[in-house]
Amino acid sequence: MFEHEGLSKEFEFVTKESEIKHIGNSIQNTSLKMQTIAFALIQGDQDTVGELTKECLEEGISANEILDNGLLNGMSIVGVKFRDNIIFVPEVLISARAMKAGMAHIEPILSESGIEPQGKVLMGTVKGDLHDIGKNLCIMMLRGAGFTVYDLGVDTSPEDFADGFEEYQPDVIGMSALLTTTMPNMGRTIQYFEDIGLRDDVRLMVGGAPVTQEFADEMGADAYGESAVDAVEKAKELIVLLKDLRD
Amino acid sequence: MKTMTKKERVFNALNRQEVDRPPVANPTSVATVEMMDLVDAPFPEACRSAELNARLAATEITEFDFDAIAPYFSIIQESSAIGCDMQWEQKDNWPTVRMSNPIWQGSSDVKVPKDFLEHKDTKVIIDSIKILRKEFGNDIPIIGKTMGPWTLAYHVFGVEKFLLGTIDNPSETKLALEKLKEFTYLFGEAQIDAGADILTVPDHATGDLVSGQYYKTFLQELHTEMAENFKVPLILHICGRTVDRMPAISETGMHAFHFDSKNKPEEAMNAVQNKIALVGNINNPETLYSKNTIEVKKEVFDCLNAGVQIIAPECAIPLKTKSENLIAITEGVSDWLSEHNKN
Ligand code: B12
Ligand SMILES: [Zn+2]
């Protein structure tokens, strides 16, 4: 399949037709070194990811290429394996840590080069709710996909979201809730944005285990995402929508 | 069959023996805002004062006619006594530990505070059990609750840090669990001394976070040991998807497993092969919280048809659950029985 044997084995966990095409094409013509980075990331081997990333940059490979062909290809497979219950949270956490080790070398270069990010996303777990594992995974995937993400942490009130909006001017706000008792706080936040006249300046997406598409619609959210992979898709869609709205 | 006392009924069910009617109970919590208002025992005070705690717990019998009382509503009483950073919240939300601010780094930090059992937040449960025992006598079973080491580890080390450690240094994880189980024993024994007939042991090694292999690697042995050492029946509670680990759970010698609606009653019964009783699994966030009594009864029927021994909500019920939906659980059992006896 690919030049890197381990990565080829990992790729066998990707079984959806569209994903085989998408991720497969993305890996197909990459160098062995990029494939080694992707593989090390899947293994959660932060030292190898960090070292190889640094080495590649020194050899003159661009930060973007390492991000797209190495780190992100690895992360796409991690996302799929997690969604399909092949791996679990600890395994995702070590891959996230490896991703960070690579990003530590890449981020300074990307921000210097002034390449426009995909967009800006503000994320937070709603008021009264301290569950943040899912939200953190979304943030990781969003950052991986090229978004600039600001994290308001947990227990975030409507006012905090509004303050965050003023400060960071995000295109999309993502709210996470894991409790039935705190889910209504998503609706309250949306209402608050209406009340202070900011509703049309931003797109709001929601997620978290108990949240459903119906519930999201009822609250007047702009999108619902059921997984971290989905969060990236929805954020992309919302940014297109917002651009149309602004034009 | 002659009518059993609630205690006989629950104990027979836990032992997978015949019952006059399948018992209804929630080994985690049935606290609701409606009940808090009714008996004037709101959160968080009802988690911190024995009198209010007992008053709210009693509604499980007086208002819903369930077959047991479970006075420990949350999962944080020990953690508060250990010294974790707490967020007590208000009437309509559960109290919780601020895990972003963990108190311990590793197994060498784990120490039982001298006043662990005298601390306000452990003592409240112990005293509440005494009050309930006195008030309800011996025919109504009281279910105590003592957190397992895995759940405590989330609280004292922080979830992400603890889970990362399971890969970086599994023997350190095992050591930490070994030391943390001390709390499980201390608090559990104290509740038995106070009059608890049964203990729930929540230990959230859930399929939403970790693989089934994790249960075998880190917990099966500890749970087996608990089943041997505690003198009362134990109900293990793990929410989320768990069928993959149910065969291992059924080997621990615990009396029962409280399972989540993410597992179908029938597949769960198949997984445990009658080696452990099952308690569950009416869906909380959708069915009990936002659907009606007809839907609740339908899920009760599904459980009974599959042979689930004790009918219960899947976990601590949402605080804003309507009473009629809880009453519908008991009624659902009656409906099922009369249908059953006709044939
Ligand atoms: C881990 C956990 C905890 C940890 C939280 C640690 C942490 N730092 O997050 C601890 C032990 C501290 C905890 C505490 C409590 N918990 Co808890 N917890 C869980 C558990 C087991 C797993 C949640 C999780 O992390 N899943 C893994 C992640 C990856 O999944 P996820 O969050 O759903 O996220 C994914 C998607 O939903 C999506 N997503 C998430 N957010 C967003 C946002 C956007 C914008 C988008 C697009 C997508 C998206 O992408 C993610 C990745 O794919 C669930 C059980 C369950 N089955 O879900 C209970 C559960 C959520 N907890 C529950 C309860 C009751 C509590 C407590 C109240 C217990 C208590 N009595 O103290 C406290 C409350 C604390 C508080 N105030 O928030 C209940 C909620 C019941 C209800 N219906 O309201 C659950 C459902 C258990 C149950 N079956 O009853 N909990
Ligand atoms: Zn639970």
Side-chain angles (χ1 to χ4, degrees), chain A residues 42-47 81-98 100 124-137 139-140 151-157 177-185 188 208-215 218 226-228, chain B residues 31-33 43 76 85-87 89-101 154-155 158-168 170 173 205-215 218 239-241 243-244 260 262 283-290 315-321:
Chain A
I42 298 169
Q43 301 300 303
D45 179 353
Q46 57 173 342
D47 294 343
K81 281 173 80 182
F82 176 65
R83 187 199 55 208
D84 296 346
N85 292 323
I86 294 153
I87 56 169
F88 295 82
V89 172
E91 294 83 1
V92 179
L93 290 176
I94 57 162
S95 289
R97 190 171 60 184
K100 249 193 208 151
T125 300
V126 298
K127 183 156 181 46
D129 204 322
L130 302 190
H131 292 86
D132 65 357
I133 297 172
K135 178 206 64 164
N136 293 349
L137 293 180
I139 291 177
M140 189 185 82
D151 183 8
L152 294 178
V154 297
D155 197 19
T156 310
S157 67
L178 268 283
L179 297 169
T180 41
T181 50
T182 59
M183 252 169 25
N185 291 336
R188 281 184 202 124
V211 184
T212 58
Q213 181 69 54
E214 281 132 285
F215 188 78
E218 234 169 72
E226 71 170 340
S227 67
Chain B
T32 66
V33 170
F43 271 16
I76 49 80
D85 187 7
M86 301 298 300
Q87 183 159 323
E89 292 288 345
Q90 60 287 317
K91 185 159 90 180
D92 60 358
N93 201 7
W94 282 287
T96 177
V97 174
R98 290 201 188 96
M99 277 150 309
S100 49
N101 195 9
Y154 288 161
H155 290 171
V159 182
E160 286 187 17
K161 196 158 167 277
F162 174 67
L163 291 180
L164 273 171
T166 59
I167 295 186
D168 288 339
T173 304
T206 158
D208 295 290
L209 296 182
V210 298
S211 68
Q213 186 54 44
Y214 261 58
Y215 182 79
F218 293 108
C239 26
R241 186 91 185 137
V243 249
D244 59 352
D260 188 294
K262 283 193 183 164
N283 175 283
N284 279 338
E286 277 158 41
T287 311
L288 283 174
Y289 179 65
S290 58
C315 187
I317 57 164
L319 294 171
K320 294 210 175 131
T321 304

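In what follows, every chain begins at residue 1, and chains take the letters A, B, ... in the order their sequences are listed.
Residues forming a ring-ring contact (aromatic ring centres under 6.0 Å, His included) with Phe218(B) (at least two apart in sequence, or on another chain): Trp150(B), Tyr214(B).
Annotation for Lys100(A): atom NZ does not count as buried by contact number, only 12 or fewer foreign heavy atoms lying within 6.0 Å.
Rounded to the nearest 0.5 angstrom, Lys320(B) NZ and Thr180(A) OG1 are separated by 9.5 Å. To the nearest 0.5 angstrom, Ser290(B) atom OG is 9.5 Å from Glu214(A) atom CD. If you take CD on Glu286(B) and OG1 on Thr212(A), they are separated by 6.5 Å, rounding to the nearest 0.5 Å. Remark: Ile133(A) CD1 to Leu163(B) CG distance equals 6.0 Å, nearest 0.5 Å.
Looking at Ile86(A), there are no atoms closer than 4.5 Å to chain B (heavy atoms on both sides), in backbone or side chain. Heavy atoms of Gln90(B) lying under 4.5 Å from chain A are absent altogether. Residue Thr166(B) touches chain A through its side chain alone, counting heavy-atom pairs closer than 4.5 Å. Proximity to chain A is absent for every atom of Asn284(B), based on heavy atoms less than 4.5 angstrom apart. Within the 4.5 angstrom heavy-atom criterion, atoms from both the backbone and the side chain of Val210(B) approach chain A. Heavy atoms of Val33(B) lying under 4.5 Å from chain A are absent altogether. Heavy atoms closer than 4.5 Å to chain A are found in the side chain of Glu89(B), but not in its backbone.
Note: Asp168(B) leads Leu319(B), Asp168(B), Val159(B) in heavy-atom pairs under 4.5 Å with chain A. When Leu93(A), Asp155(A), Asn136(A), Thr182(A) are compared by the number of non-hydrogen pairs under 4.5 Å with chain B, Leu93(A) comes out ahead.
By the 4.5 Å heavy-atom criterion applied to side chains, Asn93(B) and Leu179(A) are counted as neighbours. Inter-residue side-chain proximity for Leu164(B) and Ile94(A) is flagged as met; some heavy-atom pair is nearer than 4.5 Å. You'll find the side chain of Arg97(A) stays beyond 4.5 Å of the side chain of Ile167(B), heavy atoms only.
Of all heavy-atom pairs spanning Tyr289(B) and Pro184(A), the tightest one is OH-CG, 4.4 Å.
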*Evaluation steps, side chain to side chain contact (heavy atoms under 4.5 Å, CB included), between Met99(B) and Asp132(A)*: CA-CA 10 Å; Met99(B) 277 150 309; Asp132(A) 65 357; over 6 Å; no
_If you apply the rule side chain to side chain contact (heavy atoms under 4.5 Å, CB included), what do you find for Asp92(B) with Thr181(A), and how did you get there?_
CA-CA 7 Å; Asp92(B) 60 358; Thr181(A) 50; 5.8 Å; no
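A salt bridge (Lys or Arg N to Asp or Glu O under 4.0 Å) check over residues 82-96 of chain A, counting only residues at least two apart or in different chains, returns the pairs Glu19(A)-Arg83(A).
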